[in-house]
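Start at 1 and go down the list; that is how both ligands and their atoms are numbered.
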Amino acid sequence: MSENTNGKINVRGVYFDNVTMDEALDKAVELINTENFSYMVTPNAEIVEACVENPTLYDVMNGASLIIPDGAGVVYASKILRTPLKEKVAGVELGEKIIEYASKNNKKIFFFGGAKESADGKAVWEIAAEKLSEKYPGFEAVGRDGFFNDEENEDIIAEINASGAKILFVCLGAPKQEKWIYNNKNNLENVNFAAALGGSLDVFAGVSERAPDFYIKHNLEWFYRLKKNPSRARRMLKLPKFIAGTVIHGNKKGR
Ligand code: UDP
């Protein structure tokens, strides 16, 4: 039987918020408007399994104030554990709702991540910002690409601090983005809400598409992504391992 701490649902040692999309947005807005720094992570089955295999990641994930289940596999595991999560909350969808909120409330977002240059010479974050400000008038984004070396990290922090943005999207892929937030959070002077959002900037920019509705509705988004990008197969092997591990070990942390 799975334990339920402070309303959170434990799935193999990661403590998820049991929220619908609307509740997740309410909580994100509350955190955006709280001066203290906080962050949100969006783990799917693959990332929970990465925690199981590398337990140092648990602190990185569970240190977040909002942990949403961004995958059908996590919701399925919560049902196996008999503490069902209400629904899958896709990070990319929640990210867009936060953008809509920011556009209506004059809040600037810093987009950190994505490729330096796409076919038309612009960084992915710039194309994403342009498309989003057409869709959400008044939306203002600043940003930089997500390819950098350790020596550049200090400059990146300075750039984020100087931007004055209170909301930061970190889109470097998992678990790099979560580790980056965890390791740098004490140096972020103005940001009070950071969100780890994987490939979302690519979706906003139109560089990569989300699966058609049919796949989303039938919990087959993972299958669509695999079809489009067979090199993900290795990473996706974590999904059956994660489900089998849940059946065998319940919500036990680690292996
Ligand atoms: N990325 C980045 N820096 C890196 C590695 C990746 O900015 O060093 C970006 C990449 O361009 C893409 C995103 O991170 O936009 C990862 O997308 P993916 O869909 O693989 O995310 P995940 O499924 O890992 O959350």
Looking at N251 and V11, would you say the former's side chain and the latter's main chain have a donor-acceptor pair under 3.5 Å? no
Is there a donor-acceptor pair closer than 3.5 Å between any side-chain N or O of K252 and the backbone N or O of R255? yes
Check contact between R235 and ligand 1, using heavy atoms of the residue and a distance below 4.0 angstrom. yes
Does K27 NZ have over 12 foreign heavy atoms under 6.0 Å away?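 More than 12 heavy atoms, drawn from other residues, nucleotides or ligands, come within 6.0 Å of this atom.
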Does atom CD of E53 have more than 12 heavy-atom neighbours from other groups under 6.0 Å away?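 Counting other residues, nucleotides and ligands, CD of E53 exceeds 12 neighbours.
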[atom]: which protein heavy atom is closest, and how many Å away?
{"atom": "atom 3 (N) of ligand 1", "value": "G146 O, 2.7 Å"}
{"atom": "atom 11 (O) of ligand 1", "value": "G114 CA, 3.6 Å"}
{"atom": "atom 19 (O) of ligand 1", "value": "R225 NH2, 3.1 Å"}
{"atom": "atom 6 (C) of ligand 1", "value": "L172 O, 3.3 Å"}
{"atom": "atom 25 (O) of ligand 1", "value": "G198 CA, 3.4 Å"}

Suppose I only count heavy atoms of [X] and a 4.0 Å limit; which atoms of ligand 1 are within that range?
{"X": "G199", "value": "17 (O), 18 (P), 19 (O), 21 (O)"}
{"X": "K176", "value": "4 (C), 8 (O)"}
{"X": "G113", "value": "7 (O)"}
{"X": "A115", "value": "11 (O)"}

Ring of [Y], cation from [X] - is the NZ or CZ under 6.0 Å from the centre and inside 45° of the axis?
{"X": "K253", "Y": "Y58", "result": "yes"}
{"X": "K176", "Y": "F112", "result": "no"}
{"X": "K104", "Y": "Y101", "result": "no"}

Do N184 and N153 meet the criterion of a side-chain donor-acceptor pair at a distance under 3.5 Å?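 Their side chains do contain a donor-acceptor pair, which is all the 3.5 Å distance test asks for.
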Taking atom types as modelled, is there a side-chain donor on T34 or N36 under 3.5 Å from an acceptor on the other? no
For atom 4 (C) of ligand 1, the option (of W125, F147, F148, W180) bearing the nearest heavy atom: F147
Given that the side chain starts at C-beta and the backbone is N, CA, C, O, which of these parts of [X] lies under 4.0 Å from ligand 1, counting heavy atoms, or is it both or neither?
{"X": "D202", "answer": "side chain"}
{"X": "E46", "answer": "neither"}
{"X": "R232", "answer": "side chain"}
{"X": "K116", "answer": "neither"}
{"X": "C171", "answer": "backbone"}

Checking ring pair (Phe, Tyr, Trp, His ring centres under 6.0 Å) between F169 and each of F204, F111, F110, which is the one that passes? F111
